[in-house]
Amino acid sequence: MIQTEHKEGVKEIGLGRPAPLGATWDGVGVNFAVYSRHATHVALCLFDSPQSRTPAATISLPAREGPVWHVHVPGLRPGQLYGYRVSGPFKPEHGHRFNPCKILLDPYARAIGRMPVWDASLYGYDTRDLAFCDRDSAAFAPLGVVMDVPLQEHDRPNTRWEDTIIYETHVKGLTKCHKEVPPELRGTYLGLASAPVVEHLVRLGITAVELLPVHAAVQDERLVRQGLSQYWGYNTLCYFAPDPRLAAGDGISAVEEFRSMVRSLHAAGIEVILDVVYNHTGEGDHRGPTLSFKGLDNYAYYKQRPDNSRYLMDYTGCGNTLDTGNMAVRQLIMDSLRYWVEVMGVDGFRFDLAASLARERYDINMQASLFDMIQQDPALSRVKLIAEPWDIGKGGYQLGGFPWQWSEWNDKYRDTLRRFWRGDPGLAGDCATRLTGSSDRFAASHRRPRASINYITAHDGFTLEDLVSYTCKRNETNKEGGRDGTNHNHSTNCGVDGPTDDDDVLAQRDRLKRSLIASLLVSQGVPMLLGGDELSRTQHGNNNAYCQDNSTSWYDWNLDRRQERFLAWVVKLIAFRKAHPQLSRFSFFTGKVDGAGRRDAVWWHPSGREMQDDDWQRTQAFALHITCSCVEAPEVLFLAYNAAPAVTTFTLPEGEWQAAIHEESDTPCVCAGRLSLPAGAFAALKAL
């Protein structure tokens with residue numbers, strides 16, 4: 001055994017084991033194991049409290065096996081705060097930025113005992129990134145916590161992809177202003193799990209919540225200095241620890257609070273999907289702080305520029321890119337994913353900028369090892385996998401290119417539907433393709449409609465209310481001089497920019513919102529709603545509210561009559577989708593005639609015939625006549641879309657029809673085999 005000094009006297013420590021990585025309590029003590037391929041020395045630093053300015057004890061890790069350093073310290077228990085000091089070359093020009101003056105967070109920490117407090121000592125360099133900084137960061141650096149989080153059985157809803165309806169939301173934004181949630185729980189995991197919120201989600205009819213990042217995230221120094229916040233959380237500090245900002249208690253209690261939230265949602269039949277950011281971390285570029293990965297082994301964790309290792313490759317727009325070409329990084333991602341499934345209970349993941357995960361070298365490789373590892377993993381191969389199928393690097397746009405087990409955010413759907421309902425000409429054909437599952441992107445590789453995650457709005461961009469109220473972004477409060485956020489919103493203000501009391505403008509906006517959300521919920525593929533759209537939430541024209549932890553982002557639950565009517569419309573549409581399985585088919589429509597002489601679907605021209613090739617460029621109104629289904633006692637549907645600027649009259653297929661979905665103020669006239677549909681309106685008819 002080896003001995004070291006501790007405040008309580010001489011303690012014997014053991015060599016420990018290289019696996020598992022992280023801090024593992026075994027009932028006797030704690031085994032610490034950390035990866036650093038290029039380090040020359042690693043020291044474990046133990047802290048007494050989050051307020052401690054210096055370590056209570058420092059223990060040199062006595063053993064190294066391959067790239068893993070490890071030690072076993074008897075007598076330590078869960079709740080112990082800790083970090084590392086790591087020595088090695090400080091040669092930025094070669095990609096090495098070791099600095100033992102910096103306390104480093106364990107990448108495998110299960111909870112955060114202290115978030116970083118901004119101070120010049122958190123940077124590994126002095127003045128410029130080539131100059132070594134000898135200021136000690138012990139008083140300001142993030143600290144991990146030793147945890148004992150047992151496995152538990154999860155009674156999962158296991159919703160089929162075809163039956164899935166996703167609700168993208170932020171834990172805090174959803175509940176911060178909900179007056180029926182206890183004040184101490186508003187904006188927290190437990191607030192999301194509270195009865196009023198769960199009841200709203202159940203009433204709405206969604207089957208899964210997709211939570212914006214809950215991994216502990218760095219608060220950018222620039223934002224803190226400006227009085228803003230990294231609200232969305234796309235700035236990961238640790239891939240295992242739930243963000244303590246979203247807990248009613250501290251970082252330690254955040255673990256069980258999150259698990260309690262998952263149990264409550266599961267009990268209501270709602271799955272939990274996490275938005276995860278394995279493409280970059282919150283340490284930024286070569287000028288960013290040294291908080292964890294950069295000090296543990298900058299060259300190993302991050303992808304360097306091939307022409308100059310001083311600089312990091314940035315396929316993310318956030319300063320760095322994790323190097324999935326390194327097996328240790330792939331292991332980190334796999335271990336993190338598995339932990340959130342098996343221990344924390346989640347049901348799936350949406351991978352931010354997922355194309356970057358395919359860059360094992362520098363180019364995209366859609367047969368990347370990480371994808372194979374996920375496919376072969378017994379736990380991960382069974383959960384929902386969603387890709388944001390692009391990054392900002394060369395060749396980064398990969399919509400339709402992910403493995404067959406994945407579904408993908410479909411921005412082609414978003415942009416086409418926005419432009420079509422805005423009234424842009426020549427989009428009917430593309431719109432029809434999007435409404436039926438985007439077979440042009442997914443069918444050739446034998447994938448199914450569920451591969452397409454359809455959405456009109458998401459956290460990044462205008463809310464639905466703002467999409468029909470503003471023609472240009474209004475991001476001044478982000479304090480970036482209006483440079484942030486996209487300028488390609490495909491939006492309209494219906495004649496008046498921003499708030500208005502004009503009844504005609506409001507009526508036009510409401511009609512567009514109804515048509516957009518109706519199109520989404522009758523489309524083949526998996527619909528995703530932006531949380532708060534059902535409440536007519538506005539961000540006052542801000543289309544990049546990532547730093548707005550305030551009323552700009554928080555949901556307003558005080559609804560007027562207009563907003564209540566729209567909420568009822570969304571509830572009705574979701575129920576309609578669930579009642580008609582032909583709206584969420586396993587396979588694409590073919591248009592072919594079956595043995596009974598029926599066709600599964602026909603595109604219908606308003607004049608009362610099938611659409612012809614030339615029609616698609618000339619019309620802004622069409623219908624989908626679903627004439628047969630694989631379900632028992634199939635119901636025949638007629639889905640009509642009128643983006644034209646005037647009333648369109650459809651001559652209906654033979655038979656008797658009744659309006660199944662319509663807004664009272666836009667009641668379609670179904671008479672003598674004809675349907676009169678107002679400008680910008682949608683209607684669904686059922687055959688009697």
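- Counting heavy-atom neighbours within 6.0 Å of Glu654 CD, excluding the residue itself, gives a total of 12 or less.
- Lys473 places a side-chain N or O within 3.5 Å of a backbone atom of Gly485 that can act as its donor or acceptor partner.
- Taking 4.5 Å as the limit, every side-chain heavy atom of Ser469 sits out of range of all side-chain heavy atoms of Asn493.
- Aromatic rings from Phe371 and Phe351 are positioned such that their centres are separated by 6.0 Å or more.
- At a threshold of 4.5 Å between non-hydrogen side-chain atoms, the residues Leu417 and Leu435 count as touching.
- When atom types are taken as modelled, the side chain of Glu610 and the backbone of His605 share no donor-acceptor pair closer than 3.5 angstrom.
- For the pair Arg434/Lys412, a side-chain contact is recorded, criterion being any heavy-atom separation below 4.5 Å from C-beta on.
- Taking the six-membered ring wherever Trp is involved, the centroid distance between the rings of Phe586 and Trp161 does not fall below 6.0 Å.
- In this structure, Tyr641 OH and Cys431 SG are separated by 7.5 Å, a value rounded to the nearest 0.5 Å.
- Checked by atom type and distance alone, the side chain of Gln524 pairs as donor or acceptor with a backbone atom of Gln582 at under 3.5 Å.
- Ring orientation note: the planes of Tyr555 and Trp557 are tilted relative to one another, at an angle of 30° to 60°.
- Under the 6.0 Å cut-off for aromatic ring centres, Phe462 and His490 do not qualify, their centroids lying 6.0 Å or more apart.
- Put simply, the residue from Arg447, Arg450, Arg441 that forms a salt bridge (charged side-chain N to carboxylate O under 4.0 Å, His left out) with Glu408 is Arg447.
- Cation-pi geometry between Lys686 and Trp657 is not satisfied (NZ or CZ under 6.0 Å from the ring centre, within 45° of the ring normal).
- The CZ atom of Arg422 sits 9.0 Å away from atom CG of Leu467, with the distance rounded to the nearest 0.5 Å.
- A donor-acceptor contact shorter than 3.5 Å is absent between the side chain of Asp533 and the backbone of Thr457.
- You'll find the side chain of Met611 stays beyond 4.5 Å of the side chain of Leu624, heavy atoms only.
- Stacking of Lys513 on the aromatic ring of Phe566 is recorded, both the 6.0 Å distance cut-off and the 45° axial limit being met.
- Between the side chain of Thr648 and the main chain of Ala644, no donor-acceptor pair closer than 3.5 Å is present.
- Counting heavy atoms from C-beta on, the side chains of Val171 and Leu212 never come closer than 4.5 Å.
- Using modelled atom types, one finds a donor on one side chain and an acceptor on the other under 3.5 Å when comparing Asn544 with Asp484.
- Counting heavy atoms from C-beta on, the side chains of Glu465 and Arg537 never come closer than 4.5 Å.
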- Message: Checking Leu535 against Leu559 for the side-chain contact (heavy atoms from CB on, under 4.5 Å) test, could you report, in this order, the C-alpha distance in whole Å, the side-chain angles of both residues, the deciding distance, and whether it holds?
- Response: CA-CA 7 Å; Leu535 307 174; Leu559 307 185; 3.9 Å; yes
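- In terms of heavy-atom proximity, Ala518 sits nearest to Leu573 at CA-CD1, 3.8 Å.
- Arg509 has its side chain within reach of Val496: a pair of non-hydrogen atoms, C-beta onward, lies under 4.5 Å apart.
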- Task: Applying salt bridge (Lys or Arg N to Asp or Glu O under 4.0 Å), run through Lys384 and Asp347 and close with a yes or a no.
- Result: CA-CA 6 Å; Lys384 289 181 167 66; Asp347 306 285; over 6 Å; no
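- Figure legend: cation-pi geometry between Arg350 and Trp409, with NZ or CZ positioned under 6.0 Å from the six-membered ring centre and within 45° of its axis.
- Residues passing the salt bridge (charged side-chain N to carboxylate O under 4.0 Å, His left out) test with Arg419 are Asp424, sequence neighbours excluded.
- Looking at Gln398, its side chain never comes within 3.5 Å of a backbone N or O of Gly401 through a donor-acceptor pair.
- Between Tyr167 and His200, the ring planes lie perpendicular to each other; the angle is over 60°, past the 30° to 60° tilted range.
- Proximity of a side-chain donor or acceptor of Gln563 to a complementary backbone N or O of Arg561 within less than 3.5 Å is not detected.
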